[in-house]
Amino acid sequence: MNIAVIPARGGSKRIPQKNIKRFAGKPLIAYSIEAAKASGIFDKIIVTTDSQEIANTAIELGAEVPFTRPAKLSDDISGTRPVTNHAIKYVIEHYYKPEYCCCIYATAPFIEAEYLQLGLDALQKNEDKAFAFSVTSFAFPVQRALVKQGLSVAPMFPENITKRSQDLPEAYHDAGQFYWGRTDDYLSKKGMFSEHSIPIILPRHLVQDIDTAEDWFRAELMYKAYIQGLKSV
């Protein structure tokens, strides 16, 4: 059995009520819930929140909100892993022990059901791995990054600054969409960003972090262009 856990705290400060603010016509969290439902691979889709307004929206969208997230897991410094583990423990105590859990961010409007399925498939085919999560490639070689020094700049990695892009290994970063794991491994001390994980590579046009008003504006433009592109195919 598989569960989806969608963390959606109510206290967002940089973008107030971010998780249920309307993005391209729908509450932002709707995209994550709809993708989880469309995948057909979850027995339960649980939203963990401290906000009754978010809970009401999530329930209307077809998710479950069987508990109110404790205050100690709802502040600015609460990590995703403890929040996910709390939900897993609740399901084990009140329902059954799921084999797999997928933490899905509520702020991922580009998330697609097929990649959720790919993550589960990868984990099931590789029994020596604990997790599978979404990544995407950097658009520019990170090995040639610059840092600001006063009014000037300097290479972060001087040994790479003159190397050709094609001679440097491609680098990836967390795409901030989903994080599959076996429940036993979620509840263990195994690290997510480690040798225990399988990267599920997403195309860059499906990845956009949404932390600021500028991010939001850019993401909506990208989303509208993406949808228009799909319609024209």
Side-chain angles (χ1 to χ4, degrees), residues 1-23 26-37 39 41-109 111 116 119-120 130-134 174-193 209-212 215-216:
M1 291 185 172
N2 312 318
I3 62 169
V5 174
I6 304 177
R9 189 170 66 90
S12 177
K13 291 182 173 61
R14 285 180 289 186
I15 303 177
Q17 290 288 75
K18 177 172 70 171
N19 293 311
I20 55 174
K21 181 178 177 179
R22 299 191 78 78
F23 179 97
K26 295 189 289 190
L28 185 58
I29 196 174
Y31 298 90
S32 297
I33 294 174
E34 290 171 358
K37 290 169 64 178
S39 72
I41 54 179
F42 296 108
D43 301 284
K44 287 184 175 295
I45 301 170
I46 294 173
V47 171
T48 167
T49 183
D50 58 332
S51 163
Q52 188 59 51
E53 188 174 1
I54 292 176
N56 294 341
T57 299
I59 292 169
E60 289 173 5
L61 291 166
E64 298 180 43
V65 188
F67 57 83
T68 299
R69 193 197 301 182
K72 66 180 181 180
L73 293 175
S74 300
D75 56 26
D76 292 336
I77 61 173
S78 295
T80 301
R81 184 77 169 264
V83 170
T84 304
N85 285 356
H86 172 266
I88 290 172
K89 291 175 182 177
Y90 183 94
V91 172
I92 292 173
E93 181 179 350
H94 292 85
Y95 303 113
Y96 50 78
K97 183 180 180 180
E99 185 174 4
Y100 296 96
C101 172
C102 186
C103 173
I104 303 175
Y105 278 177
T107 54
I111 193 169
L116 291 172
L120 177 59
F131 307 105
F133 67 94
S134 58
D174 177 10
Q177 286 196 3
F178 61 85
Y179 308 83
W180 276 103
R182 294 180 176 81
T183 54
D184 284 340
D185 291 318
Y186 253 118
L187 298 175
S188 75
K189 294 184 179 181
K190 292 180 180 178
M192 179 73 66
F193 305 111
D209 200 21
I210 305 179
D211 280 328
T212 66
D215 292 340
W216 187 285

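Fair warning: this is a prediction, and the values are worked out from it, not measured in the lab.
A distance of 7.0 Å separates OG1 in Thr212 from CZ in Arg14, rounded to the nearest 0.5 Å. Distance check, rounded to the nearest 0.5 Å: CD1 of Ile45 to CD1 of Ile33 gives 7.5 Å. Note that the SG atom of Cys101 and the CD1 atom of Ile88 stand 4.0 Å from one another [nearest 0.5 Å]. Of the inter-residue distances, the one linking Thr49 atom OG1 with Leu73 atom CG reads 12.0 Å to the nearest 0.5 angstrom. Between the SG atom of Cys102 and the CG atom of Leu120 there is a distance of 8.5 Å, given to the nearest 0.5 Å.
Evaluation of the side-chain hydrogen bond (donor to acceptor under 3.5 Å, both in side chains) test over residues 65-79, restricted to residues two or more places apart or in two chains, returns Arg9-Asp76, Lys13-Asp76, Thr48-Arg69, Asp75-Ser78.
Nearest heavy-atom pair, Tyr31 versus Ile111, reported as atom, atom and distance to 0.1 Å: O-CG2, 3.6 Å. Closest approach of Ser51 and Gly10 over heavy atoms only: CB-CA, 3.9 Å. When all heavy atoms of Ile41 and Asn2 are compared, the closest pair comes out as O-ND2, 2.8 Å. The nearest pair of heavy atoms linking Ala132 to Gly119 is CB-O, 3.7 Å. Closest approach of Asp215 to Asp209, counting heavy atoms only: CB-O, 3.3 Å. Of all heavy-atom pairs between Asp174 and Ser134, the closest is OD1-O, 3.5 Å.
In this structure, Asn19 and Ser12 have side chains that are not in contact, with every pair of non-hydrogen atoms separated by 4.5 Å or more. Arg22 places a side-chain heavy atom less than 4.5 Å from the side chain of Pro27.
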As a quick check of understanding, evaluate side chain to side chain contact (heavy atoms under 4.5 Å, CB included) for Thr107 and Phe23, giving each step before the final call. CA-CA 10 Å; Thr107 54; Phe23 179 97; over 6 Å; no
For Asp211 and Lys18, what are the C-alpha separation, side-chain angles and deciding distance, and is it a side chain to side chain contact (heavy atoms under 4.5 Å, CB included)? CA-CA 9 Å; Asp211 280 328; Lys18 177 172 70 171; 3.6 Å; yes
Decide yes or no on side chain to side chain contact (heavy atoms under 4.5 Å, CB included) for Leu116 and Ile104, but give the supporting numbers first. CA-CA 9 Å; Leu116 291 172; Ile104 303 175; 4.0 Å; yes
Would you sort out whether Ile92 and Leu187 count as a side chain to side chain contact (heavy atoms under 4.5 Å, CB included), showing the intermediate values? CA-CA 12 Å; Ile92 292 173; Leu187 298 175; 4.1 Å; yes
Could you walk me through whether Phe131 and Phe193 satisfy the ring-ring contact (aromatic ring centres under 6.0 Å, His included) test, starting with their C-alpha distance in whole Å, then the side-chain angles of each, then the deciding distance to 0.1 Å, before giving a yes or no? CA-CA 9 Å; Phe131 307 105; Phe193 305 111; 9.3 Å; no
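Listed for the Asn85 side chain is a donor-acceptor partner under 3.5 Å among the backbone atoms of Tyr186.
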Identify each donor-acceptor pair in which a side-chain atom of residues 52-63 lies under 3.5 Å from a protein atom, sequence neighbours left out, and give them as a table.
residue: Gln52; atom: NE2; partner: Asn56; partner atom: OD1; Å: 2.8
residue: Glu53; atom: OE1; partner: Gln17; partner atom: NE2; Å: 2.8
residue: Asn56; atom: ND2; partner: Gln52; partner atom: O; Å: 3.3
residue: Thr57; atom: OG1; partner: Glu53; partner atom: O; Å: 3.1

With a cut-off of 3.5 Å and sequence neighbours excluded, list every side-chain donor-acceptor pair involving residues 93-100.
residue: His94; atom: ND1; partner: Tyr90; partner atom: O; Å: 3.0
residue: Lys97; atom: NZ; partner: Asp184; partner atom: OD1; Å: 2.6
residue: Lys97; atom: NZ; partner: Asp184; partner atom: OD2; Å: 3.4

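Among residues two or more places apart in sequence or in another chain, the salt bridge (Lys or Arg N to Asp or Glu O under 4.0 Å) test is passed with Asp185 by Lys190. With sequence neighbours excluded, the residues satisfying salt bridge (Lys or Arg N to Asp or Glu O under 4.0 Å) with Lys26 are Glu34. Listed by chain and number, the residues in a ring-ring contact (aromatic ring centres under 6.0 Å, His included) with Tyr105 are Tyr179 (sequence neighbours excluded).
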